[in-house]
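Just so we're clear, the structure is a prediction, and the values are computed from it rather than from any experiment. All chains are named by letter (A, B, ...) in the order of the sequence lines, taking the proteins before the strands, and each is independently numbered beginning at 1.
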Amino acid sequence: MQPEQFYQRLLAWFDDYGRHDLPWQQDINPYRVWISEIMLQQTQVTTVIPYYQKFMQSFPTVQDLAAATQEQVLAHWAGLGYYARGRNLHKAAQLIVEQYDGEFPDTLDEVVALPGIGRSTAGAILSIACGKRHPILDGNVKRVLGRFYALEKWPGEKAAENWLWERAAQLTPPQRYADYTQAIMDLGATFCTRSKPQCADCPISAGCQAFAQDRVADFPFKKPKKDKPVRQAYLLILQQADGSLWLEERPQKGIWGGLWSFPQLETWQACEDKVQSRFSPSVSLLKWQEFRHTFSHYHLDITPVFSQQSQLIAEPSANYAADENESGRWVSMQDLLDEKLGIPAPVQKLVKQLQDY
DNA sequence: AACACGGGGAG
DNA sequence: CTCCCAGTGTT
């Protein structure tokens, strides 16, 4: 499908089915459009409407906004969230009054330089309110174009984003930029939605490559999960002649909070130090096979360190009592197997191995 | 619980 | 410049 056909169909669809009665679509000027675009960032139309109307009543012009206190502005933002948007709005209003004599700038560079306005929002303001031909590329448009071109990359990736900006520019019509900008955002918000898109009634489905391949749900590509960091830990397994194991209660907050676990140390040296100072000065330690435990946000490579039964230990040395922050005790194998204490999965695994050992 | 989001800010 | 996050709604 050629760009001409794309925008013609989209505009025709917008004429018939698009929304033309939103508050910011009346009495269009850069100030009103700007406020609406900021409020519409990460906030839905139905939520924005009452806030927009109240805001416009209180601050009808950029001069009114600039003259207000930040407190007054933020009071109008209460409930919208993302208060940085409100603070940036206020700062930008004062900049516009001071540097541009209250006239909203009408070049891309100048508009992007205002706090809280990036390339896409600038494009929306300039095309809708300033009669300038600029593309936009917000989340809705990324989704529409990602599907239309069956883009096999995450749209947040720099190369993919640059490519999408080119397509967005190419598809922007030589006239009616304002309607086109509204139209493509509307399509993304109401038809080409993240889930359950209404392809059956979509004006551009005939040219949509994802639709043609029956793979609409595959696009846009998802953000690749960043690989989790890998951390190292030693778990010190101390066993008495009767088979009981030394466990310590973990701090309430943090990983495995409140569970009972083998002492966790960062280095081999720390293991030796701990055993010698707290338990028995002449015990020898044996490294077991390292294994990986994976949390939601990182991998933990665990090296179990075992002190052999023959060399065992009686009680922790007197030094132990001085260490108030630790609560440890000897626990029988049976209690552990009966799950009398909450213990982390990797510790459970090690206890089972000990049984077979 | 994971994902999505536009711009700011850190590196 | 590139990458990651803050803060909130949606799925």
Tell me, yes or no, whether the heavy-atom count around D16(A) atom CG, taken from other residues, nucleotides or ligands under 6.0 Å, exceeds 12. yes
In this structure, how many angstroms lie between the P atom of dC5(B) and the NZ atom of K222(A), rounded? 12 Å
Nearest-neighbour nucleotide for the R194(A) side chain, dG9(C), dT2(C), dT8(C) considered: dG9(C)
W163(A) six-ring face occupied by R167(A) cation (under 6.0 Å, within 45°): yes
Have a look at T47(A) and say if it touches a base, only the backbone sugar-phosphate, or nothing, with a 4.0 Å heavy-atom cut-off. nothing
Do T181(A) and S127(A) pair up side chain to side chain, a donor and an acceptor below 3.5 Å, judged on atom types alone? yes
Is a donor on one side and an acceptor on the other found under 3.5 Å between the side chain of R9(A) and the backbone of I204(A)? no
Should I35(A) and W24(A) count as side-chain neighbours, where that means a heavy-atom distance under 4.5 Å? no
Nearest whole angstrom, please: distance from the P of dT8(C) to the CH2 of W77(A). 13 Å
Take atom NZ of K223(A) and atom P of dT2(C), then tell me their distance rounded to the nearest Å. 16 Å
Is it the case that K274(A) places NZ or CZ above or below the six-membered ring of F279(A), under 6.0 angstrom from the centre and within 45 degrees of the axis? no
Pair R215(A) + E152(A): basic N to acidic O under 4.0 Å: yes
Rounded to whole Å, please give me the gap between CG in N162(A) and C1' in dC3(C). 14 Å
In numerical order, the residues of residues 137-155 of chain A whose heavy atoms come under 4.0 Å of DNA chain C are none
Assess, by modelled atom type and distance only, whether the side chains of Q264(A) and E248(A) contain a donor and an acceptor separated by less than 3.5 Å. no
Whole-Å distance, Y83(A) OH to dA6(C) C1', equals 14 Å
Among dG8(B), dG6(B), dG7(C), the one nearest any side-chain atom of P115(A) is dG8(B)
Nearest-angstrom distance from the residue atom CZ of R87(A) to C1' of dG9(B): 14 Å
Go through residues 38-45 of chain A and report each residue with a non-hydrogen atom lying under 4.0 Å from DNA chain B, sorted by number. Q41(A), Q42(A)
With a 4.0 Å cut-off, would you call R176(A) and D15(A) a salt bridge? yes
Can you check the Y51(A) OH to dT8(C) P distance for me, whole Å? 12 Å
For DNA chain C, whose closest nucleotide is more 5', that of G81(A) or that of S195(A)? G81(A)
Rounded distance (Å) that lies between atom C1' of dG6(B) and atom NZ of K158(A): 13 Å
